[in-house]
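These notes concern the structure reproduced below.
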Amino acid sequence: MSLTVDIRKKLSDGNRKFELDIQFEFSGEFQVLYGPSGAGKSLTLRALAGLLKPDFGKISFANTVYFDSSSKKYIPPQKRNLGYVPQSYGLFPHLTVRKNIEFGLNKFFQFSTSPKDKETVSYLMNLFEIQETSESYPKHLSGGQKQRVAIARALARDPKILLLDEPFAALHTDLRDKMREELKSLRKKISMPILLISHDPKDLEYFGSNALYMEDGKIISNRS
Ligand SMILES: Nc1ncnc2c1ncn2[C@@H]1O[C@H](COP(=O)(O)OP(=O)(O)OP(=O)(O)O)[C@@H](O)[C@H]1O
């Protein structure tokens with residue numbers, strides 16, 4: 001399954017202008033997108049997730065076209081079969097861990113949870129070892145637990161690719177090492193490609209057999 005990206009987007013807010021001009025293809029296990037602050041890494045991930053609409057170009061994954069400016073095709077975020085975890089995790093503070101993960105099932109208008117959905121949520125809580133926190137609210141969780149809930153929520157919709165924006169940035173150094181190990185073993189269990197953003201050289205060492213280096217809205221080098 002390969003992700004193909006060829007997009008351009010001009011952004012401006014009064015005085016500031018920024019241009020994203022990105023081309024790459026990814027079909028491995030891990031792809032790291034790295035580069036300095038302000039390079040355009042998060043904007044790229046948001047475009048893949050459908051939260052930022054490019055001006056021109058095409059995004060496709062596993063034979064599904066998510067965006068194509070020439071045919072005016074644009075699949076909205078909730079219909080893209082990918083899991084996206086933003087840098088701040090984006091957990092809902094007023095929902096318990098269980099409800100946060102249920103939200104990921106993408107069934108906004110369903111008032112009760114089916115037995116199959118309950119099974120999926122239990123499976124994910126077991127997988128991430130967060131069963132004991134199921135009735136807790138995000139503010140009572142550690143950084144590592146919050147991160148696990150956020151990834152579990154992204155996986156609840158059964159995505160075919162996982163997009164993680166700086167997954168370890170909010171964690172202490174010791175926990176970062178542990179979570180890197182966890183992410184690697186998780187990938188073996190779920191066997192789906194993971195695209196992650198980082199500006200930590202240690203992530204490159206760990207996951208970086210495929211690495212794209214970005215600067216000023218462009219990909220400067222591609223190590224694969
Ligand atoms: N609407 C906008 N108008 C102008 N510039 C913008 C707009 N939105 C974002 N930017 C700028 O685009 C640049 C890239 O932002 P982005 O969040 O993708 O950076 P990043 O590489 O993820 O950085 P970091 O590592 O700090 O998270 C930044 O300089 C940001 O300020």
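- The side-chain contact (heavy atoms from CB on, under 4.5 Å) check on Lys160 picks up Met1, Phe61, Asn81, Asp158, with sequence neighbours excluded.
- For Asn63, the CG atom counts as loosely surrounded, since its 6.0 Å shell holds 12 or fewer non-hydrogen atoms of other residues, nucleotides or ligands.
- When the options Val85, Ile197, Leu33 are evaluated for a side chain to side chain contact (heavy atoms under 4.5 Å, CB included) with Leu164, the one that passes is Val85.
- Using a 4.0 Å cut-off between a side-chain N of Lys or Arg and a carboxylate O of Asp or Glu, Asp55 and Lys10 do not qualify as a salt bridge.
- The environment of CD in Glu135 is crowded: more than 12 heavy-atom neighbours from other residues, nucleotides or ligands sit within 6.0 Å.
- Residue Glu19 qualifies as enclosed at atom CD: its count of foreign heavy atoms under 6.0 Å is above 12.
- A salt bridge does not link Lys202 to Glu205: none of the charged side-chain nitrogens sits closer than 4.0 Å to a carboxylate oxygen.
- The salt bridge (Lys or Arg N to Asp or Glu O under 4.0 Å) check on Arg187 picks up Glu29, with sequence neighbours excluded.
- By the 4.5 Å heavy-atom criterion applied to side chains, Ile151 and Leu155 are counted as neighbours.
- Residues Pro138 and Leu91 approach most closely at CG-CB, 4.1 Å, considering heavy atoms.
- Using cut-offs of 30° and 60° on the angle between ring planes, the pair Phe207 and Phe30 is tilted.
- The pair Lys9-Asp21 fails the salt-bridge criterion, with no side-chain N (NZ, NE, NH1 or NH2) lying under 4.0 Å from an Asp/Glu carboxylate O.
- One finds a salt bridge joining Arg148 and Glu182 here, because a Lys/Arg side-chain nitrogen approaches an Asp/Glu carboxylate oxygen to under 4.0 Å.
- Shortest non-hydrogen contact noted between Glu102 and Val121 is CG-CG2, 3.7 Å.
- Atom CZ of Phe18 has more than 12 heavy atoms from other residues, nucleotides or ligands within 6.0 Å.
- Other residues, nucleotides and ligands place no more than 12 heavy atoms under 6.0 Å from the NZ atom of Lys99.
- Under a cutoff of 6.0 Å and an axis angle of 45°, Lys53 and Tyr74 form a cation-pi pair.
- In the hydrophobic clustering of ILVMFWY residues, with side-chain heavy atoms under 4.5 Å counting as a link, Leu51 and Leu45 come out together.
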